[in-house]
Amino acid sequence: MAQSPAPIAPTRRGACPSLDVPMATGDGLLARLRVAGGRMTPQQLAGIAALAAQHGNGLIEISARGNLQVRGLTPATAGPFAQAVEKLVGTERGLVVEVPPLAGEDASEIADPRPLAAAIRNAALPLAGQLGPKVTVIVDGRGQIGLAQSKADVRLEAVAPDSWAVSIGGRASGVRSAADAVAATQDCLEALAERGVAARASDLPPPAAIGARVAASTQNADPMRTFALVDGTPVRRVALAYGSGDHFSLAALAQAAAEHGVRQFRLAPQHSLLAIGVSESFVALARGLGFVTDSGDPRRRISACIGSAGCASGLVPARETADRLAPGLPENLYLHVSGCSKGCAHPRRADVTLVGQSGGYGLVIAGSAGDTPQALLAADQLESALATAGQG
């Protein structure tokens with residue numbers, strides 16, 4: 001069967017996936033790629049970097065959920081870009097059913113979530129076009145790298161090889177067998193389809209609880225440590241600072257991977273790539289290229305949008321500001337630097353939020369970008385403001 005064209009989906013809420021209308025931003029069109037299984041060889045990553053430079057502005061992002069995004073496309077280049085991606089790497093369409101990036105190979109997972117995910121995708125085929133593009137199902141085997149922090153309309157988490165904790169719209173529905181978990185998911189999706197493409201599971205009546213309720217899983221271990229697959233293959237997370245990189249650095253990362261034994265990359269949450277078959281020499285090279293490889297890197301405690309460098313709404317160079325502030329960021333603070341009050345990079349509250357204003361940076365303590373700032377700061381006042389906040 002011929003492979004379908006690469007899906008380029010707008011990220012605007014409520015917009016339908018389309019090859020023709022990616023999301024318009026201040027630096028052109030932003031396209032999201034659903035790479036099949038989130039898996040790429042180093043050569044494919046290098047190819048995507050080259051296409052981002054050829055058809056866009058060379059900026060590539062990995063979202064907090066692990067989605068790959070390419071910026072700066074134009075109406076004239078979006079089509080050729082999609083066709084080129086189709087030839088380079090496999091892509092996915094249809095209902096978003098997410099499994100952890102190491103699913104089926106994770107030495108610590110309770111159950112392999114892939115068969116359950118495949119059954120849910122098949123069950124959802126008759127509903128094609130009737131569900132909103134944001135509707136998401138997560139099937140988590142509860143291994144070393146989980147998806148506990150990612151939102152979902154339906155979440156299935158393994159508690160035993162054939163027992164899955166089900167939650168619908170964020171509300172627990174107890175523990176079910178694999179077959180019953182698929183049926184409960186299908187019932188939810190059919191109910192959403194009846195309500196239309198704007199419906200989400202949180203809009204549905206509370207689900208009936210079956211069996212014991214279980215607490216949500218958490219991932220407390222160091223996310224930047226070296227993991228191991230079932231066969232002992234080492235895996236290491238390499239994160240893009242603020243979720244963004246350019247085609248030069250990603251092409252260099254791909255070359256380093258090919259030369260140092262990394263056989264595959266997998267897209268992962270927390271703006272990351274997982275390097276499969278990693279070596280310490282590769283990690284050192286990735287660090288030298290500006291990627292985040294250590295838990296102590298202060299950029300892991302900063303969210304920053306592209307700001308005025310690539311967004312019409314941005315009033316300050318958010319990522320450049322974040323880079324300047326990172327070395328002195330107090331260890332007890334999480335910082336959000338937002339180009340405007342929309343707060344796209346971090347919609348939630350942060351210890352300190354700096355918001356682009358026409359006259360400088362709005363300072364918000366323990367709030368979000370849309371809150372009223374407590375003060376307006378000039379660029380040379382930011383370091384002292386952070387130091388004071390860290391003492392509070």
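Closest of all the heavy-atom pairs between Ala268 and Pro101 is CB-CG, 3.9 Å. Across all non-hydrogen atoms, the minimal contact from Leu45 to Leu250 is CD2-O, 4.2 Å. When all heavy atoms are compared, the tightest approach of Leu267 to Gly66 is CB-O, 3.3 Å. Of all heavy-atom pairs spanning Val352 and Ala389, the tightest one is CG2-CB, 3.7 Å. In terms of heavy atoms, Leu30 sits closest to Arg71 at CD1-NH1, 3.3 Å. Scanning all heavy atoms of the two residues, the minimum distance from Ala318 to Gly339 falls at CB-N, 4.2 Å.
Hydrophobic clustering, with ILVMFWY side chains joined whenever heavy atoms are under 4.5 angstrom apart, groups Leu131 together with Val182. Val197 and Val96 are members of different hydrophobic clusters when ILVMFWY side chains are connected at heavy-atom separations under 4.5 Å. Under the 4.5 Å side-chain heavy-atom criterion for grouping Ile, Leu, Val, Met, Phe, Trp and Tyr, Val262 is connected to Ile48 within one hydrophobic cluster. Cluster membership check: Val364 does not share its hydrophobic cluster with Leu325, using side-chain heavy-atom separations under 4.5 Å among Ile, Leu, Val, Met, Phe, Trp and Tyr. Note: the hydrophobic cluster containing Tyr334 does not contain Leu240 (ILVMFWY, side chain heavy atoms under 4.5 Å, direct or indirect links).
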| Does the pair Arg176 and Leu156 meet the rule for a side-chain contact (heavy atoms from CB on, under 4.5 Å), with working shown? | CA-CA 9 Å; Arg176 304 171 186 249; Leu156 312 176; over 6 Å; no
| query | Given the rule in the side-chain contact (heavy atoms from CB on, under 4.5 Å) test, do Val70 and Leu51 qualify, once you have shown the distances and angles that lead to the verdict? | reply | CA-CA 9 Å; Val70 174; Leu51 292 176; over 6 Å; no
| Arg236 and Glu280: CA distance, side-chain angles, deciding distance, salt bridge (charged side-chain N to carboxylate O under 4.0 Å, His left out) verdict | CA-CA 9 Å; Arg236 186 73 172 265; Glu280 286 305 316; 3.4 Å; yes
| request: Please test Arg300 against Ser295 for side-chain contact (heavy atoms from CB on, under 4.5 Å), starting from the C-alpha separation and ending with a verdict. | output: CA-CA 7 Å; Arg300 294 191 65 243; Ser295 295; 4.2 Å; yes
| query | Could you go step by step and tell me if Arg34 and Thr91 meet the side-chain contact (heavy atoms from CB on, under 4.5 Å) rule? | reply | CA-CA 5 Å; Arg34 286 177 60 186; Thr91 56; 5.6 Å; no
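Using a 30° and 60° split on the angle between ring planes, Phe282 and Phe265 fall in the tilted class, from 30° to 60°.
Side-chain contact check for Glu109 versus Pro100: every heavy-atom pair is 4.5 Å or farther apart. Side-chain atoms of Leu95 and Leu127, non-hydrogen and from C-beta on, never get closer than 4.5 Å to each other. The side-chain heavy atoms of Gln357 and Val355, taken from C-beta on, include a pair separated by under 4.5 Å. Residues Tyr242 and Arg299 meet the side-chain proximity criterion, which asks for heavy atoms closer than 4.5 Å. You'll find the side chain of Val35 stays beyond 4.5 Å of the side chain of Val85, heavy atoms only. Proximity of Val89 to Leu33: side-chain heavy atoms (C-beta onward) are nowhere separated by under 4.5 Å. The side-chain heavy atoms of Gln69 and Ile60, taken from C-beta on, include no pair separated by under 4.5 Å. With contacts defined as side-chain heavy-atom distances shorter than 4.5 Å, the pair Leu354/Val316 does not qualify.
One N or O on the side chain of Arg200 and one on the backbone of Lys134 form a donor-acceptor pair closer than 3.5 Å. Panel note: side chain Arg319, backbone Ala304; a donor-acceptor pair is recorded below 3.5 Å. With Asp294 contributing its side chain and Gly296 its backbone, the two residues share no donor-acceptor pair below 3.5 Å. The main-chain N or O of Val292 is never found under 3.5 Å from a side-chain atom of Arg287 such that the two would form a donor-acceptor pair. For the pair Ser249 (side chain) and Leu289 (backbone), a donor-acceptor distance under 3.5 Å is absent. Between the side chain of His247 and the backbone N or O of Ala50 there is no donor-acceptor pair closer than 3.5 Å. Distance alone, capped at 3.5 Å, places no donor-acceptor pair between the Gln144 side chain and the Asp106 backbone. Using a distance-only test at 3.5 Å, with no hydrogens or angles considered, a donor-acceptor pair links the side chain of Arg349 to the main chain of Ala366. Side chain of Arg237 to main chain of Ser272: no donor-acceptor pair is present (N/O by atom type, distance under 3.5 Å, no hydrogens or angles). In terms of modelled atom types and a separation under 3.5 Å, the side chain of Glu157 and the main chain of Arg142 share no donor-acceptor contact.
Comment: Arg324 engages Glu383 in a salt bridge, judged by a side-chain N to carboxylate O separation of less than 4.0 angstrom. A salt bridge is defined here as a Lys NZ or Arg NE, NH1 or NH2 lying under 4.0 Å from an Asp or Glu carboxylate O, and Asp140 with Arg155 fails to meet this definition.
Note on residues 307-317: pairs passing side chain to side chain donor-acceptor pair (under 3.5 Å), not counting sequence neighbours, are Ser313-Lys342.
Side-chain contact annotation: Arg65 with Ser150, donor-acceptor N/O pair under 3.5 Å absent.
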